[in-house]
Every structure is written in C-alpha cells, then in structure tokens.
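Chain A is the first sequence line, chain B the second, and so forth, proteins listed ahead of strands; every chain is numbered from 1.
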Amino acid sequence: MTEDYGNRGGAVRLQGATDMGSAPTTVRTHFTIGEIAREFGFTLRALRFYEEKGLIRPRRTGNRRLYSAADRQRLEIIAKCKKVGMPLDDIRDILGVGNDVANDPARSERMLDKMLTRLDALTEEKARIHDYTQEALLLIADLKAKLGRAA
DNA sequence: GTTCTGACA
DNA sequence: TGTCAGAA
C-alpha cells in the first residue's frame, strides 16, 4: 500500500490552507484505481467493469485511470445500490449520463423509484424462500418418518 | 509495487 | 466478476 500523498496527478496545493505542521497542505483531487478500490471496497476488476458498462468515466493520465470527486460520488451511489442487489443496468439508469451527480433531485427521484421496485423484488424473494423452506421441511419430515427416525 | 488490456472460467 | 498472463 503505497500511500503516495505526494504531488502526483491531480494533486492541488491550496494557498494558506495548512494544518498544524509546517509542510504545505496538499489536497488531492484525483485518486488511483487502487486507492478507490480500497476506499469503496471494490476490486480493481469491478471498477474497470463498471467503466466498461458506462457507469463511470474516470479521466486518464496516459492510460492510468484517475478518479475525481464526481467519480467518487457516482461510486458511492453504486455502492449503495449494489448493497441491496440492484442490477447494474438500473444503477446506470439512476446515475444518468452526466458526470456531475451532486445534489441532483432528478437523480434522487430515479433512485427512489428504483429502490422501491427493488424492495418489491426483495419482498417477493423473501416470500419465495419462505415457501421453499417450508417445502424442504415437509419433505425432510416425510423422509425421516419413512426411515423410522424421530422427527 | 501498481496498473493496463485481453482472455478464459 | 475473479483470476491469470504479459507488458509498461
């Protein structure tokens, strides 16, 4: 884990903004795929995959990916949606094409809509699993009885 | 050591 | 998506 907080890529120096120490404060505006992966818990493969699918469009430095604040906001949404098992296609719809995802009421509206739909699906799944469980229990009891074992 | 692309599972 | 390979 090379925590290169040096002045690579999108690093920017803010005038006068210093903290405690004497070294000039460096605020990084862009991050490498490795850093983003660690921060959000995504694998490098997943991040490249999301890019292939058009969910994010990190800028490049040569052919190295650089993730901006906007990319991170999108990733945050992706993480939340993935957490409930939402399909990537739906996540892409929520995100929309623009790269600026901050404070977008329309986006929140889309996300709410998709989330409600997802809730329905999860509720149905839960019911289905309950049914399967009951069936399995019944079959097990039946088999045990047939084998002369205690229930 | 880190990241990239492409291919296969 | 994980994993592996070969290159930068």
Side-chain angles (χ1 to χ4, degrees), chain A residues 1-137 139-140 143:
Chain A
M1 288 184 218
T2 303
E3 289 299 62
D4 184 352
Y5 283 104
N7 194 17
R8 178 195 292 179
V12 147
R13 283 176 191 289
L14 295 186
Q15 290 194 325
T18 60
D19 58 76
M20 305 310 278
S22 55
T25 297
T26 298
V27 176
R28 299 224 280 140
T29 59
H30 292 77
F31 300 79
T32 66
I33 191 172
E35 294 168 327
I36 293 295
R38 282 192 291 279
E39 181 181 342
F40 291 88
F42 288 132
T43 61
L44 304 187
R45 183 71 183 82
L47 289 171
R48 293 173 189 133
F49 186 66
Y50 298 156
E51 184 179 339
E52 269 181 58
K53 296 302 176 186
L55 275 64
I56 45 177
R57 299 174 67 83
R59 112 187 201 216
R60 307 288 182 121
T61 298
N63 67 337
R64 300 301 221 207
R65 278 167 260 250
L66 278 186
Y67 296 78
S68 67
D71 292 320
R72 293 171 39 152
Q73 295 181 65
R74 295 173 76 84
L75 253 2
E76 213 168 284
I77 292 173
I78 293 172
K80 287 176 181 172
C81 292
K82 282 213 59 187
K83 194 171 182 179
V84 299
M86 192 181 287
L88 292 186
D89 290 324
D90 287 346
I91 300 178
R92 189 201 298 116
D93 291 341
I94 290 172
L95 259 12
V97 284
N99 207 47
D100 51 319
V101 149
N103 304 313
D104 181 345
R107 190 217 72 216
S108 294
E109 198 67 54
R110 291 197 295 275
M111 189 163 163
L112 171 60
D113 192 63
K114 297 283 190 187
M115 210 51 87
L116 288 171
T117 299
R118 182 59 187 150
L119 179 61
D120 284 342
L122 288 170
T123 302
E124 282 179 34
E125 254 184 72
K126 187 176 179 181
R128 189 163 49 247
I129 289 176
H130 177 265
D131 289 346
Y132 288 161
T133 302
Q134 294 308 302
E135 277 308 310
L137 251 23
L139 261 25
I140 288 171
L143 290 167

State the CZ-CG distance between Phe40(A) and Leu47(A), to the nearest 0.5 angstrom.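 Result: 9.0 Å between the selected atoms.
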
For atom [atom1] of [X] and atom [atom2] of [N], their distance in whole Å:
X	N	atom1	atom2	answer
Glu52(A)	dC4(B)	CD	P	12 Å
Arg60(A)	dA8(C)	CZ	C1'	14 Å
Ile33(A)	dT3(B)	CD1	P	7 Å
Arg59(A)	dT3(B)	CZ	C1'	17 Å

Determine, stepwise, if the pair Arg110(A) / Asp113(A) fulfils salt bridge (charged side-chain N to carboxylate O under 4.0 Å, His left out). CA-CA 5 Å; Arg110(A) 291 197 295 275; Asp113(A) 192 63; over 6 Å; no

Please figure out whether Arg64(A) or Lys53(A) has its closest DNA chain C nucleotide nearer the 5' end.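 It is Lys53(A) whose nearest nucleotide is closer to the 5' end.
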
Going by number, which of residues 39-50 of chain A have a non-hydrogen atom under 4.0 Å from DNA chain B?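 The stretch gives Arg45(A), Arg48(A) as the residues lying under 4.0 Å from the strand, ordered by number.
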
Within the pair Thr32(A) and dT2(B), is there a side-chain N or O less than 4.0 Å away from OP1 or OP2?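 Answer no for this pair, as no side-chain N or O of Thr32(A) is under 4.0 Å from OP1 or OP2.
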
Out of the candidates Met86(A), Met115(A), Arg74(A), only one should pair with Ile94(A) under the side chain to side chain contact (heavy atoms under 4.5 Å, CB included) rule; please name it.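 The residue from Met86(A), Met115(A), Arg74(A) that satisfies side chain to side chain contact (heavy atoms under 4.5 Å, CB included) with Ile94(A) turns out to be Met86(A).
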
Judged by modelled atom types alone, do Asp71(A) and Ser68(A) share a side-chain donor-acceptor pair under 3.5 Å?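 Yes, a side-chain donor-acceptor pair sits under 3.5 Å.
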
Pairing residues for Arg72(A) by the side chain to side chain donor-acceptor pair (under 3.5 Å) criterion, not counting sequence neighbours: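 So Arg72(A) forms a side chain to side chain donor-acceptor pair (under 3.5 Å) with Glu39(A).
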
Looking only at heavy atoms, what is the nearest atom pair of Arg92(A) and Gly54(A), with distance?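 Answer, listing the atom of Arg92(A) first, then Gly54(A): CG-O, 4.3 Å.
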
